[in-house]
Amino acid sequence: MDLTLFKEGFIVMVIGMGTVFIFLTIMIWAMNLNEKILKVVNKYFPEEIPEVKTSKKKTASSDEEIAIAIACAVARG
């Protein structure tokens with residue numbers, strides 16, 4: 001077994017894992033900073049909540065629905 005290849009593989013692994021660790025650390029730091037900035041922005045410019053407009057629709061009673069279902073079944077045959 002060649003010890004040189006093992007050393008080089010270990011060095012590449014450490015560099016790769018270190019790069020991922022640094023990237024994730026920077027990403028978490030940026031997300032926390034973004035949260036603080038958005039809290040300040042939302043304090044002065046709150047997001048508007050749209051009103052939900054409800055319209056009353058005329059609904060058929062359950063007796064009418066049953067009668068329609070029976071009529072359709074009889075007509076079909």
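Along the sequence shown, residues carry numbers from 1.
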* **Sub-4.5 Å side-chain heavy-atom contact between Leu5 and Glu8** => yes

* Structure fact -> Residue set satisfying side-chain contact (heavy atoms from CB on, under 4.5 Å) with Ile26, at least two apart, ordered chain then number -> Ile22

* **Atom CE of Met27 with >12 non-hydrogen neighbours under 6.0 angstrom** => yes

* Under the side-chain contact (heavy atoms from CB on, under 4.5 Å) rule, collect the residues that match up with Asn34, sequence neighbours excluded. => Leu38

* Mind checking what makes side-chain contact (heavy atoms from CB on, under 4.5 Å) contact with Met13, not counting sequence neighbours? -> Phe10, Met17

* Asked: What residues form a side-chain contact (heavy atoms from CB on, under 4.5 Å) with Glu35, not counting sequence neighbours?
  -> Asn32, Lys39

* Transitive ILVMFWY cluster of Ile15 at side-chain heavy atoms under 4.5 Å: who else is in it? -> Ile11

* To do: Would you kindly confirm whether Ile66 and Val74 end up in one hydrophobic cluster when ILVMFWY residues are joined by side chain heavy atoms under 4.5 Å apart?
  => yes

* **Members besides Val41 in its Ile/Leu/Val/Met/Phe/Trp/Tyr cluster (side-chain heavy atoms under 4.5 Å)** => Trp29, Leu33, Ile37, Val40, Tyr44, Phe45

